[in-house]
Novice: 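My questions will all concern the structure given below.
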2 protein chains.
Amino acid sequence: MHKQSKKERFEEFRKICRENGLNVTPQRIAVYEVLAGAKNHPSAEEIFRCLVSDFPELSIDTVYRTLNTFAQIGLIRIVEGYGEARRYDPDTQPHHHFRCLKCSRIVDFENPEFSRLKIPDVLQRKCRITGVKVVLEGLCEECLNR
Amino acid sequence: MHKQSKKERFEEFRKICRENGLNVTPQRIAVYEVLAGAKNHPSAEEIFRCLVSDFPELSIDTVYRTLNTFAQIGLIRIVEGYGEARRYDPDTQPHHHFRCLKCSRIVDFENPEFSRLKIPDVLQRKCRITGVKVVLEGLCEECLNR
DNA sequence: TCTTTTTTAAGAATAATTCTTATACAGGAA
DNA sequence: TTCCTGTATAAGAATTATTCTTAAAAAAGA
């Protein structure tokens, strides 16, 4: 993400809300500011906890609703966890996933190029990497034909 | 995953359980068989529903427990959803994620090679791909030093 | 200002997952 | 086989994450 001042970010935020027909409310500003300033991909609960002292009457539902709205207009993204029910894969060999954002279907695929990726040195040195996969997101064939 | 007969798969399963000090119970066999035969990365609930008619006294907790155990010994994998609370990312630019399997920390990183990946034609033709990311899994620096 | 539409808070409702506890079963030893 | 010990299970309560319902509040438009 490229550096912006707080003010620039706010103007950008305001503009995107307007373009999408969303009112610019104090709650929306606050939620966005916390997320934009966070370093750790917070959950709705964590964002809520950051805000509740300044905003005692804020409800957790508003945080969820706001974040869902932001994700729908592309202002933020949901991390690849998606918060849905956990799902399992019997295939422990290296392979890759396409995930439909609408119906949540996951399609496995193999791809030699993807399986040859070299892990960046910085990470290699600091962490123990046990898995590498490419995750594609989008709309699947079925959801497109509707 | 390479093709195996049901019998071979069962022997392999038995062997892996033994090596990990796990009893081979009818419930474990059944859960593994359903997952291994499934095409769609099912949730615990879906696996449970497949089994409940043959196994009326099976409890959903057993399915969860069994799958968690299998994932811990590396017999199966959890799809990149992980089933934890949903988390959000203010960075909408293409970038990649390292995820710690122990503490769930996510570290963003950029990498020109990863950002240049070419989407396979088959998928490109059938689906609308809106995002591409590389997801690394493993143990982070902090969790390693413990 | 008045009206209409959007947004919110509150708390109930639902869904996903784990915990507690008493019982049942698997595997090894006799 | 039978018995013993530790492991695994069912049942249901408990917890956590998320969404829904509804009435009130705030914003935008006239």
Side-chain angles (χ1 to χ4, degrees), chain A residues 13-32 34-35 41-73 75-76 78-88 104, chain B residues 10-11 13-32 34-35 41-73 75-76 78-88 104:
Chain A
F13 169 77
R14 184 177 207 86
K15 180 166 155 282
I16 293 179
C17 285
R18 283 285 153 73
E19 287 170 358
N20 288 278
L22 296 181
N23 292 347
V24 179
T25 67
Q27 290 89 339
R28 285 182 175 154
I29 297 167
V31 167
Y32 185 70
V34 169
L35 180 58
H41 306 85
S43 64
E45 181 66 33
E46 286 166 332
I47 293 172
F48 178 74
R49 279 202 301 269
C50 287
L51 289 170
V52 80
S53 56
D54 292 342
F55 244 105
E57 76 292 6
L58 183 69
S59 92
I60 182 75
D61 175 64
T62 296
V63 178
Y64 275 107
R65 199 166 10 80
T66 302
L67 291 166
N68 286 348
T69 306
F70 288 168
Q72 279 168 29
I73 66 174
L75 179 63
I76 68 173
I78 296 176
V79 167
E80 64 274 7
Y82 310 99
E84 297 165 357
R86 186 181 306 150
R87 292 166 65 181
Y88 303 88
S104 297
Chain B
F10 178 67
E11 284 311 320
F13 170 76
R14 184 177 207 85
K15 179 166 155 283
I16 293 180
C17 283
R18 282 285 154 74
E19 286 169 0
N20 287 278
L22 296 182
N23 291 348
V24 179
T25 67
Q27 290 88 340
R28 286 183 174 153
I29 296 167
V31 167
Y32 185 69
V34 169
L35 180 57
H41 306 84
S43 65
E45 181 66 34
E46 286 166 332
I47 293 173
F48 178 74
R49 279 202 301 271
C50 288
L51 289 171
V52 80
S53 56
D54 292 342
F55 244 106
E57 76 292 5
L58 183 69
S59 93
I60 182 76
D61 174 64
T62 296
V63 178
Y64 275 107
R65 198 165 12 80
T66 301
L67 291 166
N68 286 349
T69 305
F70 288 169
Q72 279 168 28
I73 66 172
L75 180 62
I76 67 173
I78 296 176
V79 168
E80 64 274 7
Y82 310 98
E84 297 165 358
R86 187 182 303 151
R87 292 166 65 181
Y88 302 88
S104 297

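Lettering of chains follows the sequences in order, A, B, ..., and the numbering in each one begins at 1.
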Novice: For the residue pair A:Tyr64 and A:Ile47, establish whether any side-chain heavy-atom pair is separated by less than 4.5 Å.
Specialist: no

Novice: Please check the phosphate of D:dT18 (OP1 and OP2 only) for any side-chain N or O of A:Asn68 closer than 4.0 Å.
Specialist: no

Novice: Under 4.0 Å: is that the gap between some side-chain N or O of A:Arg65 and OP1 or OP2 of D:dT19?
Specialist: no

Novice: Rounded off to whole Å, could you give me the CZ-to-P distance for the B:Phe13 and C:dA26 pair?
Specialist: 13 Å

Novice: If I compare all heavy atoms of B:Ala44 with all of B:Ile60, which pair ends up nearest, and what's the gap?
Specialist: O-CD1, 4.0 Å

Novice: Taking the nucleotide of DNA chain D with the nearest heavy atom to each, does B:Val63 or A:Ile60 sit closer to the 5' end?
Specialist: B:Val63

Novice: Using whole Å, report how far CD1 of B:Ile29 lies from C1' of D:dT9.
Specialist: 14 Å

Novice: Side-chain donor-acceptor contacts of residues 19-26 of chain B below 3.5 Å, not counting sequence neighbours, with atom names and distances?
Specialist:
unit_1: B:Glu19; atom_1: OE2; unit_2: B:Lys15; atom_2: NZ; d: 3.3
unit_1: B:Asn20; atom_1: ND2; unit_2: B:Ile16; atom_2: O; d: 2.8
unit_1: B:Thr25; atom_1: OG1; unit_2: B:Arg28; atom_2: N; d: 3.1

Novice: Answer whether the closest heavy-atom distance between the side chains of B:Val79 and A:Tyr88 falls below 4.5 Å.
Specialist: no

Novice: Could you work out, with side chain to side chain contact (heavy atoms under 4.5 Å, CB included) as the rule, every residue matching A:Ser104, not counting sequence neighbours?
Specialist: A:Glu84, A:Arg87, A:Arg99

Novice: When rounded to the nearest 0.5 angstrom, what is the spacing between NE2 in A:His41 and CD in A:Glu46?
Specialist: 11.5 Å

Novice: Could you pull out all donor-acceptor pairs under 3.5 Å where a side-chain atom in residues 48-55 of chain A meets a protein atom, sequence neighbours excluded?
Specialist:
none

Novice: Would you say a side-chain N or O of A:Tyr64 is under 4.0 Å from OP1 or OP2 of D:dT19?
Specialist: no

Novice: Choose from C:dT17, D:dT9, C:dT8 the nucleotide whose nearest atom is closest to any side-chain atom of B:Arg28.
Specialist: D:dT9

Novice: Round to the nearest Å and state the distance from A:Tyr32 atom OH to C:dT7 atom P.
Specialist: 18 Å

Novice: What integer distance in Å separates A:Leu58:CG from C:dA10:P?
Specialist: 9 Å

Novice: Using a heavy-atom distance cut-off of less than 4.0 Å, which residues of residues 41-57 of chain B contact DNA chain D?
Specialist: B:Glu57

Novice: Who passes ring pair (Phe, Tyr, Trp, His ring centres under 6.0 Å) against B:Phe13, sequence neighbours left out?
Specialist: B:Tyr32, B:Phe70

Novice: Separation of A:Leu22 atom CG from D:dA28 atom P, in whole Å?
Specialist: 11 Å

Novice: What integer distance in Å separates B:Glu84:CD from C:dT18:C1'?
Specialist: 14 Å

Novice: Round to the nearest Å and state the distance from A:Arg87 atom CZ to C:dA15 atom P.
Specialist: 17 Å

Novice: In whole angstroms, how far is the P atom of C:dA16 from the OH atom of A:Tyr88?
Specialist: 12 Å

Novice: Between CD1 of A:Ile78 and CG of A:Asn68, what distance do you get to the nearest 0.5 Å?
Specialist: 6.0 Å

Novice: Using heavy atoms to find the nearest nucleotide of DNA chain C for A:Gln27 and B:Val24 separately, return the residue whose nucleotide is more 5′.
Specialist: A:Gln27

Novice: B:Thr62 versus B:Arg65: any side-chain heavy-atom pair under 4.5 Å?
Specialist: yes

Novice: To the nearest 10 degrees, what angle separates the axes at the start and end of the helix from C:dT1-D:dA30 to C:dA30-D:dT1, five pairs each?
Specialist: 30°

Novice: The side chain of A:Ser59 is closest to which nucleotide in this list: D:dT18, C:dT17, C:dA10?
Specialist: C:dA10

Novice: Excluding sequence neighbours, so at least two apart, what forms side chain to side chain donor-acceptor pair (under 3.5 Å) with B:Thr69?
Specialist: none

Novice: How would you summarise protein contacts on nucleotides 19-25 of chain C per nucleotide, using B for base, S for sugar-phosphate only and - for none, with heavy-atom distances below 4.0 Å?
Specialist: B------

Novice: Atom CG in B:Leu58, atom OG1 in B:Thr66: separation rounded to 0.5 Å?
Specialist: 8.0 Å

Novice: For DNA chain D, find the residues of residues 14-21 of chain A with a heavy-atom distance under 4.0 Å and give them by number; none if there aren't any.
Specialist: A:Arg18

